[in-house]
Amino acid sequence: MRLDVVTIFPEYLEPLNVSLVGKARARGQLDVRIHDLREWTHDKHNTVDDTPYGGGPGMVMKPEPWGEALDAIVESGADDARPTIVVPTPSGEPFTQEIAVELAEKPWLVFTPARYEGIDRRVIEEYGDHYDVRELSIGDYVLAGGEAPVLVMVEAVARLLPGVLGNAESHRDDSFAPGAMADLLEGPVYTKPPEWRGRGIPDVLLSGHHGKIARWRRDEAFRRTTANRPDLIERTDPAAFDKKDREM
Ligand SMILES: COc1ccc(Cn2ccc3ccc(-c4cc(N)[nH]n4)cc32)cc1
């Protein structure tokens, strides 16, 4: 997979050089290219923003630099694949595990994290006429720009790529992944030492009885989900639990 990111803060994307994504890049599983939007400005001050038509607070990102940047990037890979353009925005479609799975199947993602009040709408319209453009929100809170959402979305997508996670099973039982535990939150996890500050380990986890352990974990996940995300309980298929119980 190829990932391009266009930003006025390239240093904000440094975390893509470390950990899971950094290792995938080093192994050649990910081709990540970070671009400074100001490379496509031509004035002395490398201007990327201007006042909003119609008035109002803040500044809007000018269309010309984005147009030149995106033209250059999509043309650079035109022989290989068509890009999916991902626009982080507070007013976008909620980014979910389902969308992460969908994006993980794409050959090429181009992220356009903006700043200020966002990008001139005509940029989204122009590229939406020729490419798949996804305007995505990572949550119902307001950030100052799109770089943090890019880090979130790239990590969520990269960990799904074959061979990127050490244990291929690791994302099979993810929260929100398809399957019987589909929409349940993870339950509690424990490791050595067996006692820490007077706190022990639930006996069932030391029992070696895999069926009981699986049932305990499911019950704990259900309890935690009921407490923190009751909205997910409606989405969970009770029949899947019966099937899971029979397998235990
Ligand atoms: C209310 O309208 C606003 C418009 C822009 C901004 C600042 N800003 C500029 C680009 C940009 C990209 C993404 C996000 C963002 C995404 C999520 N889930 N929260 N915030 C914020 C962004 C703040 C508010």
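Indexing begins at 1, ligand by ligand and atom by atom, following the structure's order.
Any N or O atom pair closer than 3.5 Å counts here, and G139 shares at least one such pair with ligand 1. Close N/O approach between T89 and ligand 1 is not found [any backbone or side-chain N/O within under 3.5 Å]. Ligand 1 has an N or O atom lying under 3.5 Å from an N or O atom of I138, backbone or side chain.
Looking only at heavy atoms of the protein, atom 24 (C) of ligand 1 is closest to V142 CG1, 3.4 Å. Nearest non-hydrogen protein atom to atom 19 (N) of ligand 1 is Y141 O, 2.7 Å. At the top of the distance list for atom 10 (C) of ligand 1, counting protein heavy atoms only, stands A114 O, 3.3 Å. Atom 1 (C) of ligand 1 has as its closest protein heavy atom P90 CG, 4.7 Å. Annotation: atom 12 (C) of ligand 1 to nearest protein heavy atom, P88 O, 3.3 Å. Scanning all protein heavy atoms for the shortest distance to atom 20 (N) of ligand 1 gives L143 N, 3.0 Å.
In this structure a side-chain-to-backbone donor-acceptor pair under 3.5 Å is present from R224 to E186. No donor-acceptor pair under 3.5 Å is formed between the side chain of T84 and the backbone N or O of L109. Within the 3.5 Å criterion, the main-chain N or O of P90 finds no donor-acceptor partner in the side chain of Y141. Checked by atom type and distance alone, the side chain of N17 pairs as donor or acceptor with a backbone atom of E14 at under 3.5 Å.
In this structure, E220 does not pair ionically with R217, as no charged nitrogen and carboxylate oxygen lie closer than 4.0 Å. With salt bridges taken as basic N to acidic carboxylate O contacts below 4.0 Å, one links R115 and E147.
Atoms of ligand 1 found under 4.0 Å from any heavy atom of R115, numbered from 1 in the order shown, are 9 (C), 10 (C). Those atoms of ligand 1 that come under 4.0 Å of a heavy atom in A144, given as number and element, are 7 (C), 8 (N), 9 (C).
In this structure, atom 5 (C) of ligand 1 has a protein heavy-atom contact shorter than 4.0 Å.
For Y116, the heavy-atom gap to ligand 1 drops under 4.0 angstrom.
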Report task. Determine, stepwise, if the pair D4 / W108 fulfils side-chain hydrogen bond (donor to acceptor under 3.5 Å, both in side chains). Result -> CA-CA 8 Å; D4 288 82; W108 183 12; 2.7 Å; yes

Requested in this report: Begin with the C-alpha distance, continue with both residues' side-chain angles, and end with the deciding distance and a verdict on salt bridge (charged side-chain N to carboxylate O under 4.0 Å, His left out) for R122 and E125.
Outcome: CA-CA 5 Å; R122 291 169 291 180; E125 290 169 358; over 6 Å; no

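Looking at P113 against ligand 1, nothing comes within 4.0 Å, counting heavy atoms.
When all heavy atoms of V32 and R25 are compared, the pair lying nearest together is O-NH2, 3.1 Å.
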